[in-house]
Protein chains: 2
Amino acid sequence: METIEQVLESKNIRVTAMRMLIYKFLVEKEVAVTLSDIENAFEKADRTTLYRTIKTFEEKDIVHQIDDGTGITKYALCEKGCNCEIETDLHLHFHCNNCNETICLTDHKIPQIKVPDGFVSENVNLVVKGICDKCSG
Amino acid sequence: METIEQVLESKNIRVTAMRMLIYKFLVEKEVAVTLSDIENAFEKADRTTLYRTIKTFEEKDIVHQIDDGTGITKYALCEKGCNCEIETDLHLHFHCNNCNETICLTDHKIPQIKVPDGFVSENVNLVVKGICDKCSG
DNA sequence: TAGTAAGTGCAATGGAAGTGCATTTGTTAT
DNA sequence: ATAACAAATGCACTTCCATTGCACTTACTA
């Protein structure tokens with residue numbers, strides 16, 4: 001089992017208390033979070049720090065950004081099976097219309113999408129909306 | 001050939017000069033537009049009016065909203081083959097990373113997406129990013 | 001044609017994203 | 001150990017888009 005320090009170091013991210021806390025928070029949260037979520041969880045910390053920390057994590061490919069259509073950017077840890085650095089790693093996201101949470105369905109790859117002649121596909125964003133397992137129960 | 005008045009009336013939208021102009025603008029634009037695009041086209045009109053006009057069009061299903069991941073909401077006319085009122089009408093959108101325009105690929109339906117047990121899919125948003133036909137030429 | 005409902009314009013607010021700069025903290029070399 | 005440097009953090013501020021309240025105008029309806 002890797003420690004948080006090891007994870008950060010392996011990605012060339014300098015280890016700080018703040019970063020460890022935020023990483024831990026992301027691990028414990030199983031859904032994608034907004035910047036506000038993080039803000040609420042760390043009220044003592046500055047918004048900018050949280051913002052830049054997430055951006056750092058993103059650059060170093062330990063979190064990926066999700067645009068689930070709510071208009072607010074969400075972030076989730078890149079876990080087992082998520083290779084965000086590879087453009088073609090395209091798992092889909094599920095947004096629950098009831099609890100408003102967004103979940104990475106890492107196992108569910110996006111099928112090949114055909115585009116018309118002349119169009120070149122570089123990237124695909126797919127968000128399924130509906131009711132999640134917890135809410136449909 | 002339906003006139004603009006007829007289109008609006010058939011959707012129970014009261015006909016005003018402003019609405020006709022905006023509708024005409026949307027018809028002529030073949031790509032999805034932002035509120036700012038409309039604003040620039042109608043500098044004499046108020047932002048709020050344009051905003052609410054688009055919202056009205058959206059409610060009455062003559063326009064649909066597109067979230068192409070640029071962070072700015074775009075709108076496009078629901079044309080032939082687009083049945084936004086039906087949740088399962090799911091054509092995809094293409095966003096060009098070069099010219100920054102977003103196009104409805106009305107003919108391209110989204111394939112059936114499987115979700116895990118317990119999840120209920122109600123809606124799917126799919127945006128393909130890449131280079132459009134005009135830019136790849 | 002008067003009355004009412006809807007549409008429009010102006011002003012202001014709110015939320016999220018992003019930036020500049022000063023300060024603090026951490027790393028490295030001496 | 002500590003000086004010097006680089007990176008991280010906190011504060012203040014800005015910008016941009018979305019949205020709302022209210023007053024005024026326009027269009028339908030009895």
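In the text below, chain A, chain B and the rest are named by the order of the sequence lines, each starting its count at 1.
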- Query: Does the side chain of A/T49 get closer than 4.0 angstrom to OP1 or OP2 of D/dG10 through an N or O atom?
  - Reply: yes
- Query: Of the nucleotides C/dG18, D/dG21, D/dG10, which one has an atom closest to the side chain of B/R52?
  - Reply: D/dG21
- Gap between atoms CE and C1', on A/M20 and C/dT25 respectively (whole Å): 14 Å
- Message: If only side-chain N and O atoms count, and only distance matters, is there a donor-acceptor pair under 3.5 Å linking A/K74 with A/T102?
- Response: yes
- Polar contact flag, side-chain donor to acceptor under 3.5 angstrom, A/H95-A/N100: yes
- Query: Given atom NZ of B/K55 and atom P of C/dG7, what is their separation to the nearest angstrom?
  - Reply: 16 Å
- Whole-Å distance separating the CD atom of A/E39 from the P atom of D/dT9: 15 Å
- Which whole-number value in Å describes the distance from A/I54 CD1 to D/dT9 C1'? 16 Å
- Task: Check whether the ring centres of A/F57 and A/Y75 lie less than 6.0 Å apart, and answer yes or no.
- Result: no
- Query: Do A/H108 and A/H93 make the cut of ring centroids closer than 6.0 angstrom?
  - Reply: no
- Side-chain (B/E28) to main-chain (B/F25) donor-acceptor, under 3.5 angstrom: no
- Query: Phosphate oxygens OP1/OP2 of C/dA17: is one of them under 4.0 Å from a side-chain N or O of A/Y51?
  - Reply: no
- Query: Would you say a side-chain N or O of B/T53 is under 4.0 Å from OP1 or OP2 of C/dT8?
  - Reply: yes
- Item | For atom CG of B/N12 and atom P of C/dG7, their distance in whole Å | 11 Å
- Item | Where at least one partner belongs to residues 37-46 of chain B, residue pairs that pass salt bridge (Lys or Arg N to Asp or Glu O under 4.0 Å), sequence neighbours excluded | B/E39-B/R47
- Query: Within the structure, does a side-chain N or O atom of B/S36 lie under 4.0 Å from either OP1 or OP2 of D/dC16?
  - Reply: no
- Task: Please report, rounded to the nearest Å, how far the C1' atom of D/dA8 is from the CD atom of A/E59.
- Result: 14 Å
- Calculate the interatomic distance between A/I72 atom CD1 and C/dA16 atom C1'; express it in whole Å. 8 Å
- Mapping B/T16 and A/L50 onto DNA chain D by nearest heavy atom, which one lands closer to the 5' end? A/L50
- Please check the phosphate of D/dA8 (OP1 and OP2 only) for any side-chain N or O of A/T56 closer than 4.0 Å. no
- Phosphate-side-chain proximity, B/R19 and C/dG7, N/O vs OP1/OP2 below 4.0 Å: yes
- What are the residues of residues 41-48 of chain B, sorted by number, that bring a heavy atom to within less than 4.0 Å of DNA chain C? B/D46, B/T48
- Message: One thing to verify: whether A/E59 and A/K55 come together as a salt bridge, which I'm taking to mean a side-chain N less than 4.0 angstrom from a carboxylate O.
- Response: no
- Message: In whole Å, I'd like the distance from the CE atom of B/M18 to the P atom of C/dT8.
- Response: 7 Å
